[in-house]
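One structure below.
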Amino acid sequence: MKPIRFILLLAGLLNFYPAPAQKSTRLNSGWEFVRQDLGGVWEAVRPVGAGNPESVPLWTPVTLPHCFNARDAVDPDVNYYQGPGWYRTQLDLQNPYANGRTLLHFEGAGQKTDVYLHTTKVGSHVGGYDEWTVDLTQAVADFKQTEAFQKQFKGKVPLSIRSDNSRDLQMMPSDLSDFNLYGGLYRYVNLVYEPAVALSRIMAKAEVDPTGKQGQLTIRAAFREFAPSGSAQVSVRVLAPRGKQVGRHQASFPVKAAEQQLHAFTLKNPQLWSPKKPQLYTVQVTVKSGSDTLVQTEKVGFRHIEFVEKGPFRLNGQRLLLRGTHRHEDHAGVAAAMTEPMIRQEMRLMKEMGVNFIRLGHYQQSRIVLQQCDSLGILVWEEIPWCRGGLGGEVYQAQGRRMLTNMIQQHYNHPAVIVWGLGNENDWPGDFPDFDKEKIRTYMKELNALSHQLDPARYTAIRRCDFCKDIPDVYSPSIWAGWYRGVYTDYKEISEKEFQGVKRFLHVEWGGDSHAGRHSENPDNALVKISGGQGGDERAGDASLFGGSARVSKDGDWSESYLCNLVDWHLKEQETMPWLSGTAYWPFKDFSTPVRPDNPIPYMNQKGVVERDFTKKEAYFVFQSHWATAPMAHIYGHGWPVRWGDEGEQKLVKVYSNCAQAELFVNGKSYGVKQRNSQDFPAAGLHWNVQFVSGQNQVRVVAHQGRQTVQDEISFRYQTQKWGKPARLTLEKVGETNGLTTVEAKLFDAQGVQCLDAANWMAFSLAGAGRLLDDLGTSRGSRKVQAYNGRALISLEARPGQTAVAVQSEGLETVLLTL
């Protein structure tokens, strides 16, 4: 992207997604929090004198977004907290509109929420992922008449919110899900002022014929339920991507909560939305009632989508291979409470990797994510959190219907969305005494019909529920070739067999775990134990690290080296499957999960191509070499400080690049130029067998794409000494940056040779002043972690002479380091 275009795009993004109304403020500061239940809301608002008994429980200042599982989600020693927490703040409310409404708008809060203004309950919501609004207007007016308003709160209004993520069988998603059901106000909360007459939603349907010559834009809207009856003047303007007005309509409309059509515009040769050119039109709706005027805007895009029956996906009449990944709302240090800059960074990393498609697993996600997909050109499968667990009762089912309705209505206008997901792994029994396939099918049919009623223009889909695969428009079976079942070279054959069994096939979820920093000289060794042709579907118990048949997920080394091979094979095969609509790798980023306590980083699903803090793993560059357009070159092994082997042994060097040719240099000597060929595995032919010298080695690559040249370079030590079993631990300071000290633990055998394949558990602890930077869910941010190539690192805040850090490993003497 050219710099000037990037600046213009960024400027547009800053105001891209409108607030729900003209005057909206994010309530980020001034909050207090307590992670437990209260006896009642009175305990949050009663008069408190300093040092008096009423001052307990103690409240902690926090900023929003805030998740009260930010640390314990990956604490290796406890189950993450599932229960209530309370937030409170005081607001200075001054609605500028005569007879206007004062609203509290939640972009998402988990998982059950109750809202109180002083002691009055003003709203509740069940569901952690859809947006919702509470009208404070009458409660504010009533409270302003009380003595407490003037004397105790000095003219401010106390707001208290109870957030609860307690386990509940009759609530989606299931607690058996492979992700945390986080608690807290982990998305933005907005204070909104609206005039008496305002719109609750705008539904803009942008359609275009397959040739792209004829566009139709139909605008529908609904007024707020509390708006007074009568009529209002409504003006609708349509602006082209560069701001030119291409349509306008004005008329009087009755004020009613039901949706009504405002106007239908015809546009000839509209500028089409696509991943390469995500052209966005602006719909501006102005409502005038009395002396009040309210302007609301939406962004839309014209594109034609088609999942061809027994064939590929087409966008705007042309085949587009969907090159996708997945996203969970989860990040190191904050869990679900990702800020807007964090979300933007994550989506930009995906786009730079070459992604044109994303499945949002397994719930409606932040409006910021959807706006980024619109503006960056990333197609979307978004789904409701009917995830595992079979089927609950009527309360459970009503929530699913409600969340599906909210998701479609709230994200209807986003051109990026092409698929509404109805469920995930609904063939998973265990949440309820009964597991009735026919009842699950009946409910799935109901959701499918509801989705098509709310939005006939988009497809429906589910993943992994074979007894329901005939119900939605698109189906994804479970294919984990080379991880949970079989070998990765089975992938194409298995996929083609599954493709034949459904009307429309889209493969979402494939890949494997990798422990960041762990590398292998022989990564495919585990495949020797595993027979090919077994099929690739994940079955009960396959995710376990114990028992069952041989599988790479249990018997492999979890190295980045193996994952790169698996990814590389899948991507080169996908280029030779003309019938394939696309795939989505699971997932983009490592995320926390309560059902994987035994992984190398406890409670982490480690299948991401970036770590939980955005640190890129090696697999990120494999994807980039197949998918990205900007020239790149990456030598495998940037995080591999010591390689090993015999003196004079031929060792493999891989370069992941999308350039036409590359030349490799080792210790200053050229090993020749190679041409890129995507079907030459591994690394698309850019691999060399070379001899390293004992000790330090320098490797450099120069790659060419036309007149453009890119380079990459790494250095490492080559060890020829053999080692025995670990017998000794060491711990030393290896860095200090921005007030943070980094220490490294290493494992050596009895002769003092570093054990480069050791995977022992290591546990860090700290005494004195300072703190460990742990509970981050990363390989360098966990106090309990498996070693990667006989070492492990962690950072900490330390005070010289007052801080000591220790490392332990079972069967070895503990080492203490005073800093």
Side-chain angles (χ1 to χ4, degrees), residues 209-212 272-277 303-326 353-359 377-381 418-419 458-459 461 463 469-470 472-482 486-511 532-533 535-537 565-586 622-629 656 658 660 675-685:
D209 65 280
T211 66
L272 300 182
W273 185 97
S274 70
K276 288 185 178 179
K277 293 184 178 180
R303 83 287 183 278
H304 186 275
I305 60 173
E306 181 188 9
F307 280 94
V308 178
E309 290 191 24
K310 297 294 182 180
F313 173 75
R314 293 184 181 274
L315 178 68
N316 301 328
Q318 301 295 318
R319 188 209 175 190
L320 177 70
L321 179 63
L322 296 175
R323 294 169 166 170
T325 188
H326 292 76
M353 193 176 83
V355 163
N356 65 19
F357 171 65
I358 184 172
R359 176 176 175 229
I378 301 176
L379 294 153
V380 171
W381 162 337
I418 59 173
V419 170
R458 290 184 173 98
Y459 293 87
R463 179 195 166 269
K469 67 182 180 181
D470 60 311
D473 303 320
V474 180
Y475 182 69
S476 174
S478 181
I479 303 173
W480 286 89
V487 296
Y488 56 71
T489 52
D490 292 338
Y491 165 68
K492 186 174 180 179
E493 180 182 351
I494 297 167
S495 296
E496 192 157 11
K497 180 181 177 182
E498 293 287 350
F499 165 80
Q500 298 295 340
V502 295
K503 185 182 291 185
R504 298 181 187 89
F505 171 90
L506 174 62
H507 181 206
V508 296
E509 295 198 29
W510 61 274
D537 59 313
N565 284 350
L566 182 150
V567 168
D568 201 8
W569 183 270
H570 277 69
L571 294 182
K572 73 105 174 173
E573 292 288 76
Q574 288 165 17
E575 295 181 16
T576 67
M577 300 156 71
W579 45 267
L580 181 65
S581 61
T583 68
Y585 177 87
W586 177 265
V622 184
F623 278 99
Q624 213 173 35
S625 70
H626 283 269
W627 289 357
T629 55
Y656 295 109
N658 56 4
Q675 307 297 316
R676 187 181 190 279
N677 173 7
S678 67
Q679 297 307 299
D680 186 355
F681 177 85

Q. Sequence neighbours excluded, which residues qualify as salt bridge (Lys or Arg N to Asp or Glu O under 4.0 Å) partners of Arg504?
A. Glu309

Taking all heavy atoms of [X] and all of [Y], pick out the closest pair and write down the distance.
X	Y	value
Arg676	Asn658	NE-CA, 3.8 Å
Ser678	Glu575	OG-OE1, 2.9 Å
Ile494	Ala481	CD1-CB, 4.2 Å
Asp568	His626	OD1-NE2, 2.9 Å
Phe623	Trp510	CZ-CH2, 3.9 Å
His304	Pro210	NE2-CG, 3.5 Å

Could you tell me whether the side chain of [Y] reaches within less than 4.5 Å of the side chain of [X], counting heavy atoms only?
X	Y	result
Phe357	Val508	yes
Arg319	Leu580	yes
Glu496	Met577	no
Tyr459	Ile418	no
Thr583	Tyr491	yes
Tyr585	Arg359	no

Distance check, rounded to the nearest 0.5 Å: [X] atom [atom1] versus [Y] atom [atom2]?
X	Y	atom1	atom2	result
Ile358	Leu322	CD1	CG	12.5 Å
Asp473	Arg458	CG	CZ	13.0 Å
Phe505	Lys469	CZ	NZ	10.5 Å

(Q) Restricting to side chain to side chain contact (heavy atoms under 4.5 Å, CB included), what partner residues turn up for Ser274, sequence neighbours left out? (A) Lys276, Lys277, Leu315, Asn316

Determine whether a donor-acceptor pair (N or O, by modelled atom type, separation under 3.5 Å) exists between the side chain of [X] and the backbone of [Y].
X	Y	answer
Ser476	Leu506	yes
His507	Ala584	no
Asn565	Phe681	no
Gln624	Gly354	no
Tyr488	Trp569	no

(Q) Would you say the rings of Phe499 and Trp579 are close, in the sense that their centroids are separated by under 6.0 Å? (A) yes

**Q.** Lys310 atom NZ, neighbour heavy-atom count above 12 within 6.0 Å
**A.** yes

Q: Could you give me the CA-CA distance, side-chain angles and deciding distance for Gln574 and Leu571, then say whether side-chain contact (heavy atoms from CB on, under 4.5 Å) is met?
A: CA-CA 5 Å; Gln574 288 165 17; Leu571 294 182; 3.6 Å; yes

Q: Could you pull out all residues at least two apart from Tyr475 that satisfy ring pair (Phe, Tyr, Trp, His ring centres under 6.0 Å)?
A: none

Q: Given side-chain contact (heavy atoms from CB on, under 4.5 Å), test Leu379 with Trp273 step by step and report yes or no.
A: CA-CA 10 Å; Leu379 294 153; Trp273 185 97; 3.5 Å; yes

